[in-house]
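Any value given below was found using the heavy atoms of this structure, including those in side chains, with hydrogens, waters and symmetry copies removed. The residues of the chain are indexed from 1 along the displayed sequence. Predicted, not measured: the structure shown is a model, and the values here were computed from it.
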Amino acid sequence: MPSESLPAELTYRDLADMNTDEMAAVAEGLRREIIDVVSQNGGHLAPSLGVVELTVAMLNVFNPAKDRIIWDVGHQAYAYKILTSRRKLFHTLRTMGGLSGFPKMSESPYDHFGVGHSSTSISAALGMAMGRDLNADDSKIIAVIGDGSMTAGLAFEGLNQAGDMGRDLIVVLNDNEMSISRNVGALSSFLSRNLSARWLKKFKRETENFFKQLPGIGNDIADYMRKSESSFKGFFTPGMLFEAFRFNYIGPIDGHDLGDLVDVFDHVKRLDGPNLVHVLTRKGKGYEPAESNPTYFHGVGCFEPETGQVKKFTANGCPEIPSYTEIFGNTLTSLAGKDPSIIAITAAMPEGTGLNRFADAYPERFVDVGICEQHAVTFAAGLATQGYKPVVAIYSTFLQRSYDQIVHDVCLQKLPVVFCLDRAGLVGEDGPTHHGAFDIAYLRHIPEMVLMAPKDEAELQHMLATALSLGRPVALRYPRGLGVGAKLSNAPEPLPLGEGEILREGKDAMILALGSRVYPALEAAAALDKEGLDVGVFNARFVKPLPIAQIVEIAAACTRLILAEEHTRMGGFCSAVLEGLADADALDGLTIRRVTLPDSFVEHGKQKELRAAVGIDKAGIMDAVRDACGRPD
């Protein structure tokens, strides 16, 4: 429930009449409430703490009922949610049926654009600005974008068009020198140049003093220098870059100084044309554990608010089981020790994809391209032409941004790039913007692509070895979360291409399962034994090439098939099986049920809750088997 540190009915409307000290007290109350809720529910802590003063200042100057504030990525908008009439529900953040962890237009009229992926804010804001002008509206449009998101090409496409159109638009660049992990690239270095650096102040002061000592002309030269300071700033600071895009550049300013922030926003509100306000903030501000380790607290599970210690979970009372992400990172690092041609690539998420250990062991063979998934894929393709084996590790939902590069730059040219898709399937509390629900559909129809999914962490190891041995484009998808406790291999071996395995024979029905649905299928089969149903399980392993010969043989022996996958209903593994059986003229006489994600966007909640809600868990598979066998619940 809401913390007592803030007034019960506090909203953005109350900020307009507050002085700086009163707003500072609100900021501290917001921090306490965010920490309290995130410690219980998990969430994006460090980003939201870093923009508390920025949020308070914007809502002091702008009216979100009229003005449009668009948050890039949106994982930093917790304070905004609290102040825009959602405080009483904030304790439900990221829980099933509760508030989303991201801005969501269907959740609130104050969320002016739905978001969850990076670098969309400027383009969306520019579209709104054009619509506003066509409607003869006088509202303000504000895009809040982080310096990490600013590294993506989409942000620059938006800047370029905005500068050319010249419409009234405010871009707030929230510069904390981080996206999720530490920012990389030339742009990051450029933005980090600070005009207030000691050497620059000293240089200016000493140069002025020198010219003042010159008889006759010294004072005139010093005056000229002061008048020229703005152009000097433009040469040495990011203003040079944004002025080139025809933006009026203001900054950098302290993003935690409420007085300065309010003054600047009040000034910018009265300016015409495109304006960029460069704000310097500290990720995790006000909470020492998050300030000390902002990467860890970027997106964190439940933790003890007093200490910052994250709560660890174990399975069946055994020592903690490693996650699929950890197994992937450790296995790739081990394989790289034997094969110097392996190069690991990620897009701003070395920790999130498990590549941080690889980066430590082989820094010369690790590349973090920043939030540039399209570039990552084509960069990998270039490496592959030189005899290397690039492994591109990106979340399933983020690889969607690179579709054309996968087709045109990798598969068309038959280059041996390995795509490792973490977070395939339902990811949990981050919700529909992050669920990896579509990767099979957008990958399996591409010629030359091999696509597979492991049933457990041991099979993940063998599939990684398989992918690196094939010399062609390969995609490997695996879920978020802990493994099942399978025994790991010290020397993973390639699997037979396009071959699955029968894990359990069955006469009444056969469950053909892929990836994360294999173990629930085994559990369902074992439970159905007690109901007198003899149910088998086939682990398909491959979606492409599909083990169609085995599947046809299974269909000939057992006419009731249940197809199970953690992927959207259209275009996935189940669709591939149906297509394969149709092509083999093997559909006649079969009774088939599909267990899939629905043809709709799945909301946020715990993975277990969501899988149960959409019917792809053990119980859902059992229901499908009973239905196929004509057995009522």
Side-chain angles (χ1 to χ4, degrees), residues 50-51 54 57-58 61-62 67-73 76 118-130 133 140-179 183-197 200 228-255 257 260-261 263-281 348 370-372 375:
V51 299
L54 177 60
M58 285 194 299
V61 175
F62 301 104
D67 302 319
R68 282 79 159 177
I69 298 175
I70 302 101
W71 296 91
D72 205 282
V73 183
Q76 75 279 53
S118 82
S119 313
T120 61
S121 61
I122 299 174
S123 297
L126 182 60
M128 293 180 189
M130 181 173 177
D133 294 346
K140 292 295 179 180
I141 313 291
I142 306 99
V144 186
I145 182 169
D147 52 324
S149 295
M150 192 65 87
T151 63
L154 178 59
F156 284 92
E157 292 172 20
L159 282 173
N160 185 54
Q161 186 67 38
D164 183 64
M165 295 180 79
R167 298 183 185 276
D168 287 356
L169 174 66
I170 299 168
V171 174
V172 178
L173 173 57
N174 173 35
D175 183 357
N176 56 29
E177 299 185 4
M178 299 192 75
S179 48
N183 281 335
V184 297
L187 176 65
S188 176
S189 298
F190 187 65
L191 290 177
S192 296
R193 294 181 188 177
N194 191 336
L195 187 66
S196 62
L200 193 53
S228 303
E229 186 176 355
S230 60
S231 60
F232 184 71
K233 285 181 181 179
F235 186 78
F236 281 100
T237 72
M240 171 181 152
L241 172 65
F242 298 112
E243 294 282 356
F245 281 105
R246 301 180 186 174
F247 271 74
N248 177 41
Y249 172 82
I250 300 158
I253 62 174
D254 184 349
D257 187 320
D260 282 356
L261 287 168
D263 287 346
V264 167
F265 286 135
D266 194 56
H267 172 67
V268 171
K269 187 176 183 178
R270 292 165 172 76
L271 296 179
D272 296 329
N275 294 278
L276 186 137
V277 181
H278 186 180
V279 178
L280 304 177
T281 63
I371 305 180
C372 305
H375 164 61

Please check if the side chain of S119 supplies one atom and the backbone of S149 the other of a donor-acceptor pair under 3.5 Å.
yes
Hey, what do you get for CG (L276) to CG (N248), rounding to the nearest 0.5 Å?
9.0 Å
Tell me, do L54 and F265 make a side-chain contact under 4.5 Å, heavy atoms counted?
yes
Non-hydrogen atoms of V279 and G255 that approach each other most closely
CG1-CA, 3.1 Å
Within a radius of less than 6.0 Å around CE of M130, do more than 12 heavy atoms belonging to other residues, nucleotides or ligands occur?
no
How long is the gap from CG on L159 to OG on S123, to the nearest 0.5 Å?
8.5 Å
Answer whether the closest heavy-atom distance between the side chains of R167 and I141 falls below 4.5 Å.
no
Indicate yes or no: at least one non-hydrogen side-chain atom of V171 is less than 4.5 angstrom from one of F242.
no
For the side chain of D175 and the backbone of L280, is there at least one donor-acceptor N/O pair under 3.5 Å apart?
no
Measuring from M58:CE to I142:CD1, what's the distance to the nearest 0.5 Å?
7.5 Å
Counting N and O atoms only, with roles assigned by atom type, does the side chain of D72 sit under 3.5 Å from a partner on the main chain of S118, one being a donor and the other an acceptor?
no
Rounded to the nearest 0.5 Å, what's the gap from CG on N275 to CD1 on I170? Could you check?
6.5 Å
Any side-chain heavy-atom pair from V268 and V61 closer than 4.5 angstrom?
no
May I have the step-by-step check of side chain to side chain contact (heavy atoms under 4.5 Å, CB included) for Q161 and D164, ending in yes or no?
CA-CA 5 Å; Q161 186 67 38; D164 183 64; 4.2 Å; yes
Distance from D260 atom CG to D254 atom CG, nearest 0.5 Å?
7.0 Å
Could you tell me the separation between the OG1 atom of T120 and the CH2 atom of W71, rounded to the nearest 0.5 Å?
13.5 Å
Treating K140 as the side-chain partner and K269 as the backbone partner, does any N or O pair qualify as donor plus acceptor under 3.5 Å?
yes
Are any non-hydrogen side-chain atoms of I122 and M150 less than 4.5 angstrom apart?
yes
I want to check something: taking the side chain as every heavy atom from C-beta on, are H278 and V172 in contact at a cut-off of under 4.5 Å?
no
